[in-house]
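Note: hydrogens, waters and symmetry copies are ignored here, and every other heavy atom, side chains too, is used.
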Protein chains: 2
Amino acid sequence: MDIATSPRKRTGNGAARHHDADEIGLDALVGHAGYAVRRFQIWIFQDFIKTLADVDIRPTQYSVMTVIGANPGLSQMAVAKRLGIERARLVHLLDSLESRRLVKRIKSKTDRRSHALHLTAQGETALAKFKRLAAEHERHVEEKIGKENREHLLRILAGFT
Amino acid sequence: MDIATSPRKRTGNGAARHHDADEIGLDALVGHAGYAVRRFQIWIFQDFIKTLADVDIRPTQYSVMTVIGANPGLSQMAVAKRLGIERARLVHLLDSLESRRLVKRIKSKTDRRSHALHLTAQGETALAKFKRLAAEHERHVEEKIGKENREHLLRILAGFT
DNA sequence: TATTGTTATACTCTATAACTATA
DNA sequence: TATAGTTATAGAGTATAACAATA
């Protein structure tokens, strides 16, 4: 757990003068959950992207493949709704994953408007590797905020998944 | 506290079939802090934007004005570093705030490359109103996840501010 | 009429690189 | 040489609207 917890001194000066990086006060921002959550989310995504850089998979791509892997045959609408992604955006995400032969769209026979989504055999193998790397990333999170805090965070935010 | 906590059943079927929205399992995603944090952050920003819609202020604009208000005379580099914003992006954010007469850039006399940032008189008044609305937004967060949980969250993430 | 997938547009945000004027 | 501010570009992500095929 190596969070930089240097104290932020409020200066409260009215005139222009030199500020050291650490003496710039955040004022009302310290009381806003959204500010801290946003900074944390940026850190966590950057670590995820770095940890999975070798396989070139980003958080959203990982979430799409994971849900398709666990629920084969889903339609694009179903995946989009479940993950809170715009269906227009999912089209491009799937184009990219399909061109890499990780996912395939299969024409549904019951509803010819929709596609049933599946991982390819190659996609299954790849996803297993992605999951191992994602677990490594999750250990980084644990090191950063602590085991207990990470578990508490997951409980607090369970309703948003 | 009105989080939708309907249980997500794992289906585990291998064949394509109908899925109800709530029975689509997230599989490995449930163990990833980043997934929950991202969904929460989207919710919280949307509520912030909605709550401050009348004054047309977004979270990043609010954070910039708050830091300038509390530390008058800061340079653009100092604000960018403190808030983790790219200095190239801050240029456009300040262009927008300056055209609305909320913020002003004043040429520094000691270092003619840099600008000292200040709120205008109008900006001070406006920021006071923004802070009241932001506090209202913060109460929405409290209602959503609970008072204790919000406070615990702030403590857990204090190192990222 | 409504829905699925698609295409297109606009705006926010992140990440770079390069330019200018200073230091 | 290095830094502050600026301009530009590219890609992710969000938010819409509209269209064709199908229900």
Trainee: Only counting residues at least two apart or in another chain, list the ones meeting salt bridge (charged side-chain N to carboxylate O under 4.0 Å, His left out) with K104(B).
Mentor: none
Trainee: Rounded to the nearest Å, what distance is computed from the CZ atom of residue R87(A) to the C1' atom of nucleotide dA18(D)?
Mentor: 10 Å
Trainee: Please identify each residue that fulfils ring-ring contact (aromatic ring centres under 6.0 Å, His included) with F40(A), with sequence neighbours left out.
Mentor: F160(B)
Trainee: Please name all residues satisfying salt bridge (charged side-chain N to carboxylate O under 4.0 Å, His left out) with E98(B), sequence neighbours left out, ordered by chain then number.
Mentor: R105(B)
Trainee: Given atom CD1 of I106(B) and atom P of dA4(D), what is their separation to the nearest angstrom?
Mentor: 19 Å
Trainee: Do Q46(B) and I42(B) have side chains that get closer than 4.5 Å, going by heavy atoms?
Mentor: yes
Trainee: Between Q61(A) and D95(B), which is nearer to the 5' end of DNA chain D once each is assigned its nearest nucleotide?
Mentor: D95(B)
Trainee: Going by the side chain to side chain donor-acceptor pair (under 3.5 Å) test, name the single residue among H32(B), R39(B), R38(B) that passes it with Y35(B).
Mentor: R39(B)
Trainee: Tell me the ring pair (Phe, Tyr, Trp, His ring centres under 6.0 Å) pairs involving residues 119-141 of chain A, sequence neighbours left out?
Mentor: F48(A)-H137(A)
Trainee: In whole Å, what is the span from the CE atom of M77(B) to the P atom of dA4(D)?
Mentor: 5 Å
Trainee: Take the C1' atoms of the five end pairs on each side of the helix from dT1(C)-dA23(D) to dA23(C)-dT1(D), get both axes, and report the angle to 10 degrees.
Mentor: 10°
Trainee: Whole Å only: how far is the CG atom of L94(A) from the C1' atom of dT7(C)?
Mentor: 15 Å
Trainee: For K50(B), which residues count as a side-chain contact (heavy atoms from CB on, under 4.5 Å) partner, sequence neighbours excluded?
Mentor: none
Trainee: Taking only nitrogen or oxygen atoms into account, show me every contact under 3.5 Å that the protein makes with nucleotides 9-16 of chain C, one pair per line with its distance.
Mentor:
unit_1, atom_1, unit_2, atom_2, d
dT12(C), O3', R58(B), NH2, 3.4
dC13(C), OP1, T60(B), OG1, 3.4
dC13(C), OP2, R89(B), NH2, 2.7
dC13(C), O5', R89(B), NH2, 3.1
dC13(C), O3', R38(A), NH2, 3.1
dT14(C), OP1, R38(A), NH2, 2.8
dA15(C), OP1, Q46(A), NE2, 2.8
dA15(C), OP2, Q46(A), NE2, 3.4

Trainee: Per the salt bridge (Lys or Arg N to Asp or Glu O under 4.0 Å) rule, what does the pair list look like for residues 151-161 of chain A, sequence neighbours excluded?
Mentor: K147(A)-E151(A)
Trainee: For the pair made of NE2 in H92(A) and P in dA15(D), what is the distance, rounded to whole Å?
Mentor: 16 Å
Trainee: Please state whether the phosphate of dT3(C), meaning OP1 or OP2, lies under 4.0 angstrom from any side-chain nitrogen or oxygen of Q76(A).
Mentor: no
Trainee: Rounded off to whole Å, could you give me the CG-to-P distance for the D56(A) and dG11(D) pair?
Mentor: 13 Å
Trainee: For R113(B), enumerate each residue passing the salt bridge (charged side-chain N to carboxylate O under 4.0 Å, His left out) test, keeping only those at least two apart in sequence or located in another chain.
Mentor: D111(B)
Trainee: With sequence neighbours left out, which residue pairs that include part of residues 84-115 of chain B fulfil the ring pair (Phe, Tyr, Trp, His ring centres under 6.0 Å) condition?
Mentor: none
Trainee: To the nearest Å, how far apart are H115(B) NE2 and dT20(C) P?
Mentor: 17 Å
Trainee: Does any pair with a residue in residues 131-140 of chain B pass salt bridge (Lys or Arg N to Asp or Glu O under 4.0 Å), and if so which ones, sequence neighbours excluded?
Mentor: D27(A)-K131(B), E138(B)-R150(B)
Trainee: Measure all distances between protein nitrogen or oxygen atoms and nitrogen or oxygen atoms of nucleotides 21-23 of chain C, and list the pairs falling under 3.5 Å.
Mentor:
unit_1, atom_1, unit_2, atom_2, d
dA23(C), OP1, R112(B), N, 3.0

